[in-house]
Amino acid sequence: MTGNYLYLLFGAGLACGLVLIGAALGYLRGRRSAPNSNSEIDRHAMLRLLQELETWTTEYSGNVSEYQSRLSELSDQAKRSAGGQGSVVGLLGDIMQSNSQLQVRLDAAEKQLERQTRQIESYLTEARTDALTKLSNRRSFDAKIEELFMAYRKGGKSFALAMIDIDHFKKINDTYGHPAGDEVLRQVASILRQSIDNPYLIARYGGEEFTVLLPGPLRVAADRLDGLRRRVASETLRVADKTIPLTLSIGLSEPRDEVVPGVMIRRADEALYAAKNIGRNRVYFHDGRQTLLVGAPEVASSQSGST
């Protein structure tokens with residue numbers, strides 16, 4: 001009974017190992033197909049991890065077969081020696097020894113699984129995180145907005161999407177240098193984390209642009225983001241010994257009757273463009289028909305302006 005129990009326990013551990021291998025392979029395939037993936041070091045590290053998993057699962061699979069055969073032999077000997085108590089005692093001792101050896105292997109396998117799980121979790125976290133700001137990255141954003149949108153389509157709660165752009169970021173880089181620009185991105189990320197309560201997701205969308213997924217309704221979310229914009233505009237960032245003025249332009253939208261979230265993203269982008277086009281340091285939202293300035297009846301026009 002003990003031998004069978006340990007065998008089943010080990011089989012469960014082996015199955016977990018195979019699941020981890022599948023997760024690792026899925027991760028590796030995603031990294032290879034990611035549009036901005038250029039991390040050869042990460043890929044090599046994952047390949048080494050897969051090779052280690054393959055080695056020890058093969059080894060322990062062989063051990064299970066070996067112990068199963070041994071226990072079967074001992075069982076047959078016990079049947080043949082049923083008349084001799086001393087022989088049975090000896091066989092029981094052999095069985096206990098085999099089970100003890102298997103337990104050692106099981107303990108080693110459990111530790112190995114824990115270590116490999118931590119490594120895979122680390123890789124997956126890196127795959128979802130922007131290296132500079134430590135916010136979620138574009139991949140995480142795409143997955144989250146799809147999740148929220150599908151829930152909304154099934155009758156769930158609405159939500160708002162905010163697209164946030166740092167005004168004149170190129171000028172910041174040109175004037176203060178790219179290291180200062182990177183620090184501005186990190187500080188803006190920190191401001192977003194500290195200032196926005198209970199968001200569904202805050203992500204770096206790309207370059208100097210950020211996205212926030214937050215509860216609706218749209219106009220309430222727009223007012224919240226306008227408060228953030230005013231606070232940022234009223235202060236200056238300190239980067240090393242430099243004082244850098246900073247403003248944000250923000251565009252928002254919410255899901256409507258569309259069947260894919262891309263339409264909602266396009267409306268938020270149109271609202272952001274309106275904020276940049278009209279003069280920056282503004283929050284616009286798209287109500288499904290037009291883009292409107294928060295706090296004023298002003299409607300975005302078609303006048304030109306640099307972004």
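Side-chain atoms are counted along with the backbone in the values below, which use heavy atoms only and exclude waters and symmetry mates.
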ask   = Backbone N or O of Asp142 within a donor-acceptor pair of the Arg139 side chain at under 3.5 Å?
value = no
Contacts satisfying side chain to side chain donor-acceptor pair (under 3.5 Å) that involve residues 145-159 (not counting sequence neighbours) are Lys144-Glu147
Could you check whether any side-chain heavy atom of Tyr200 comes within less than 4.5 Å of a side-chain heavy atom of Leu148, counting everything from C-beta outward? yes
Residues at least two apart in sequence or cross-chain that pass ring pair (Phe, Tyr, Trp, His ring centres under 6.0 Å) with Tyr205, listed by chain then number, are Phe141
Applied to residues 184-193, the side chain to side chain donor-acceptor pair (under 3.5 Å) test, sequence neighbours excluded, yields Glu183-Arg186, Glu183-Gln187, Ser190-Gln194
Could you check if a side-chain atom of Ile250 sits within less than 4.5 angstrom of a side-chain atom of Phe285, using non-hydrogen atoms only?
no
Applied to residues 256-265, the side chain to side chain donor-acceptor pair (under 3.5 Å) test, sequence neighbours excluded, yields Glu254-Arg256, Glu258-Arg267
In short, ring-ring contact (aromatic ring centres under 6.0 Å, His included) pairs touching residues 212-268 with sequence neighbours left out are none
- Message: Between Ser249 (side chain only) and Asp165 (backbone N and O only), is there a donor and an acceptor less than 3.5 Å apart?
- Response: no
Determine all donor-acceptor pairs shorter than 3.5 Å in which one atom belongs to a side chain in residues 212-227; sequence neighbours excluded.
{"residue": "Arg224", "atom": "NH2", "partner": "Asp197", "partner atom": "O", "Å": "2.7"}
{"residue": "Asp226", "atom": "OD1", "partner": "Arg229", "partner atom": "NE", "Å": "2.8"}
{"residue": "Asp226", "atom": "OD1", "partner": "Arg229", "partner atom": "NH2", "Å": "3.1"}
{"residue": "Asp226", "atom": "OD2", "partner": "Arg230", "partner atom": "NH1", "Å": "2.6"}

Does a side-chain heavy-atom distance below 4.5 Å link Ile244 with Val184?
yes
request  = Check the pair Lys134 / Asp130 against salt bridge (Lys or Arg N to Asp or Glu O under 4.0 Å), numbers first and verdict last.
outcome  = CA-CA 5 Å; Lys134 307 306 179 186; Asp130 175 64; over 6 Å; no
- Task: Would you kindly say whether Asp167 and Thr247 are connected by a side-chain donor-acceptor distance under 3.5 Å?
- Result: yes
Looking only at heavy atoms, the pair that brings Phe210 and Thr133 closest together is CE2-CG2, 4.3 Å
